[in-house]
There are 2 protein chains.
Amino acid sequence: MAEELNERSQNILEAIVEDYIASAEPVGSRAISRRHGFNLSPASVRNVMSDLEEMGFLCSPHTSAGRIPTEKGYHYYIDSLLQVRDLSQEEESQLRKNYRFKGMKMEDIMQEVGRVMSGLSNYTGLVMAPKFASTVFRQIEFVRLSHGRLLVIYVSETGLVQNKVIEVDADLEQRDLEQISNYLNHELNGMSILAVREKIARELKSERARYDKLQKRALRISSAALQDEAEELLFVSGTSLMLEQPEFSTPEQMRRIIQTFESKKILIDLLDRSQNAQGVQIFIGSQNQDCQIEGCSLITSKFSSQKGAVGTLGVIGPVRMDYSQVIPIVDFTAQLVSRILEREVE
Amino acid sequence: MAEELNERSQNILEAIVEDYIASAEPVGSRAISRRHGFNLSPASVRNVMSDLEEMGFLCSPHTSAGRIPTEKGYHYYIDSLLQVRDLSQEEESQLRKNYRFKGMKMEDIMQEVGRVMSGLSNYTGLVMAPKFASTVFRQIEFVRLSHGRLLVIYVSETGLVQNKVIEVDADLEQRDLEQISNYLNHELNGMSILAVREKIARELKSERARYDKLQKRALRISSAALQDEAEELLFVSGTSLMLEQPEFSTPEQMRRIIQTFESKKILIDLLDRSQNAQGVQIFIGSQNQDCQIEGCSLITSKFSSQKGAVGTLGVIGPVRMDYSQVIPIVDFTAQLVSRILEREVE
DNA sequence: TTTAGCACTCGATCAGCCTGAGTGCTAACA
DNA sequence: TGTTAGCACTCAGGCTGATCGAGTGCTAAA
């Protein structure tokens with residue numbers, strides 16, 4: 001990948017990638033010469049293109065068509081040629097204006113963030129909410145639903161709310177439940193869920209649990225309530241925009257895309273992968289091994305609060321995607337959401 | 001619509017509708033004569049078909065194709081010819097087996113119900129949860145999120161849980177909030193949301209609110225908390241099954257379908273319409289005025305608890321839908337969900 | 001009243017042709 | 001030595017016409 005290109009080759013590669021992004025049509029030597037000039041005749045451009053094809057940056061779908069970038073070509077373009085402009089003041093404020101988070105709860109915010117990203121980029125927006133297990137305990141409340149059935153309301157430090165129904169053997173009055181929640185809220189406040197789980201397991205075995213009935217009950221219930229469900233919250237916005245892309249215009253491809261988006265599993269796996277790295281990540285085409293999303297590129301960034309809740313958001317579109325437009329959008333949005341998570345705690 | 005058909009015509013119409021439902025191809029006289037016999041030659045069948053076309057039950061896409069049912073044809077078929085078999089014991093128990101509702105909260109149940117209906121029918125499942133305003137108050141709890149921001153947890157009599165964030169001017173401690181929720185839970189228990197709203201409005205104007213600080217605060221907050229958001233909860237399952245149908249196999253149609261399903265608005269309107277009638281309702285083709293879902297039929301039924309929460313569920317598919325299969329599924333599922341709502345209160 | 005027969009219609013399929021866009025190569029040019 | 005004009009070549013896409021087959025409508029005979 002350490003190949004060097006001279007300036008002319010770079011210019012032409014850049015022009016081809018950009019033209020192709022704009023038109024989705026193979027780009028010919030003539031068009032380059034005409035539209036971009038470089039003071040080169042089509043024939044000269046052809047020579048350069050031939051070299052670029054030789055080196056694997058371009059390929060042609062058939063003899064008499066123009067050239068299109070290979071994945072290697074996209075990589076080179078993104079790594080070496082693309083300058084990602086920051087959003088201008090104006091753009092930023094316009095982006096900000098799109099959001100109305102006042103009085104929204106976590107889920108709504110995630111949904112809205114996806115919608116706005118999708119709307120601005122004209123591709124499909126993805127937002128994966130922080131996983132339950134990555135959150136920090138703030139508060140737990142119980143509501144008795146019926147004999148032995150409890151509704152658990154868990155609120156994390158960042159304001160993520162999770163409801164869950166659990167079944168308990170004893171029938172508890174609301175007053176018992178209040179006692180229990182008071183106890184838990186006092187004991188567990190500010191701990192990470194992982195630490196909470198450890199603590200519960202430890203204390204359940206301890207001496208004290210034997211005679212302290214309240215504590216024992218509380219531990220039992222909270223153990224059930226805070227069990228991981230591995231439930232992933234993924235919000236997908238603008239699915240239909242994917243179907244507008246000419247590369248997914250055949251019925252089979254449309255079906256494949258919709259099926260993939262519907263099951264969510266594959267998308268979640270993809271987003272999971274980018275939780276480790278910092279900043280904006282770009283997955284181009286076959287880097288996403290999964291053949292289900294062949295021809296797609298993914299631009300993601302994780303967002304997080306100091307306290308540890310970590311989620312991922314991003315945009316998915318065809319490999320022929322307007323990277324220069326999408327990258328700053330994803331970047332900015334991730335920062336914005338992180339800030340929102342912070343402010344929630346205040 | 002009060003037209004009478006003799007038995008032979010009925011038989012042939014029925015055969016055509018069923019063959020067309022099975023194959024999605026225009027049905028010819030030859031095929032009818034061969035597959036269904038009736039001891040009639042193709043020529044005789046042709047004569048009958050010609051009459052049926054004259055009367056508007058059939059039409060042919062072009063001269064040398066077979067016939068397909070018109071909407072009028074479907075109506076006649078459903079009203080007069082179709083006998084909806086009840087589910088057999090076995091089928092019912094198999095259907096029941098598909099559901100695992102233990103420990104699921106309302107939203108999950110709705111989602112699951114849609115999934116199972118879709119899976120059994122091979123069409124797209126729709127479930128619209130009971131509207132907030134149609135529920136009966138059981139319990140409200142508050143969680144302080146940050147300065148002036150409260151999380152409201154509302155639980156209806158049927159176990160519908162709704163979270164909402166509200167902003168209040170005063171900064172309230174958790175202890176104040178408990179006082180308030182105790183007060184509200186005591187005062188409002190068992191009332192319909194509509195009645196609750198009236199009561200709040202009335203009492204806010206009353207004498208007592210002037211000097212009872214707690215009450216005033218409670219009323220103010222609950223007023224904000226129980227405001228209608230007109231938020232419709234619609235669950236769509238098996239979108240991609242729609243794309244498998246040959247009638248929606250062109251890119252344009254696929255896009256239209258996906259866009260329609262994505263925005264949800266149109267579907268919600270459709271489901272809303274069937275909330276008034278009892279039992280299973282069938283909307284065929286252009287009965288759904290909306291041209292967005294041209295070529296679709298909808299089979300719905302509302303479900304409800306004694307206490308008043310009302311939702312709607314159904315299946316949407318092409319007009320050429322297997323009505324005899326789908327109708328009992330929708331019927332049974334609606335009853336099942338109604339029973340689940342009842343049991344929730346116990 | 002039913003049916004066999006026949007002419008007719010029309011979509012679908014396929015081969016053949018043409019066109020235009022684009023390439024690669026070569027030779028001439030600066 | 002790098003650039004360019006010219007030319008032969010390739011190939012997808014669009015158009016055309018022939019053929020095929022499924023199905024109809026009509027008529028006349030059973």
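Chain letters run A, B, ... following the sequence lines, proteins first, then strands; residues in each count from 1.
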Inset, instruction - Could you tell me the separation between the CG atom of B:N6 and the P atom of C:dT1, rounded to a whole number of Å? - result: 11 Å
Inset, instruction - May I ask you to check whether A:Y323 and A:S297 show a side-chain donor-acceptor distance below 3.5 Å? - result: yes
Inset, instruction - Please answer whether the main-chain N or O of A:M55 pairs with a side-chain N or O of A:K72 as donor and acceptor at a distance below 3.5 Å. - result: yes
Inset, instruction - Answer yes or no: is there a donor N or O on one side and an acceptor on the other, between the side chain of A:E262 and the main chain of B:T239, under 3.5 Å? - result: yes
Can you name the atoms? Protein N/O to nucleotides 28-30 of chain D N/O, anything below 3.5 Å, with the distance.
none

Inset, instruction - Answer yes if the side chains of A:Q245 and A:Q253 hold a donor-acceptor pair under 3.5 Å, and no otherwise. - result: no
Inset, instruction - Please tell me which of A:A31 and A:A43 maps to the more 5' nucleotide of DNA chain C, matching each residue to the nucleotide holding its nearest heavy atom. - result: A:A31
Legend entry - Enclosure of A:R115 CZ (heavy-atom neighbours >12, cutoff 6.0 Å): yes
Legend entry - Minimum heavy-atom distance B:S249-B:P246, with the two atoms named: OG-O, 3.0 Å
Legend entry - Nearest heavy-atom neighbours spanning A:L243 and B:R255: O-NE, 3.0 Å
Inset, instruction - Scan A:S29 against the nucleic acid and name what it touches under 4.0 Å (heavy atoms): base, sugar-phosphate only, or nothing. - result: sugar-phosphate
Inset, instruction - List the protein contact pattern of nucleotides 8-17 of chain D with one symbol per nucleotide (5' to 3'): B for base contact, S for sugar-phosphate-only contact, - for none; contact means a heavy-atom distance under 4.0 Å. - result: --BBS-----
Legend entry - B:E54 atom CD, over 12 foreign heavy atoms within 6.0 Å: no
Inset, instruction - Specify the separation, in whole Å, of atom CG of A:L52 and atom P of C:dG22. - result: 17 Å
Inset, instruction - Output yes when at least one side-chain N/O atom of B:R8 is less than 4.0 Å from OP1 or OP2 of C:dT2, else no. - result: yes
Inset, instruction - Rounded to the nearest angstrom, tell me the gap between atom CD in A:E53 and atom P in C:dC25. - result: 11 Å
Inset, instruction - Report the distance from atom OH of B:Y20 to atom C1' of D:dG23, rounded to the nearest whole Å. - result: 16 Å
Inset, instruction - Using atom CG of B:L58 as one end and atom P of D:dG23 as the other, report the distance to the nearest whole Å. - result: 15 Å
Legend entry - Per B:M49 side chain, nearest of listed nucleotides D:dT24, C:dT3, D:dT3: D:dT24
I'd like a table of atom pairs between the protein and nucleotides 14-17 of chain C - only N or O on both sides, under 3.5 Å - with the distance next to each one.
none

Legend entry - N/O donor-acceptor pair under 3.5 Å between B:S118 side chain and B:Y123 backbone: yes
Inset, instruction - Would you mind checking if B:R273 and B:D269 are paired as a salt bridge, meaning a charged N to carboxylate O distance below 4.0 Å? - result: no
Inset, instruction - Output yes when at least one side-chain N/O atom of B:R67 is less than 4.0 Å from OP1 or OP2 of D:dT24, else no. - result: yes
Legend entry - Interatomic distance, A:D51 CG vs C:dT23 C1' [rounded to whole Å]: 14 Å
Legend entry - Test item: A:S80 side-chain N/O and A:Y77 main-chain N/O as donor-acceptor pair under 3.5 Å: no
Inset, instruction - Would you mind reading off the distance between A:N47 atom CG and D:dT3 atom P, rounded to a whole angstrom? - result: 9 Å
Inset, instruction - Kindly indicate whether the side chain of B:R30 and the base of D:dG23 share any N or O donor-acceptor pair separated by less than 3.5 Å? - result: no
Legend entry - Nearest-angstrom distance from the residue atom CD1 of A:I12 to C1' of D:dG2: 14 Å
Inset, instruction - Report yes or no: do A:N11 and A:S9 form a side-chain donor-acceptor pair below 3.5 Å? - result: no
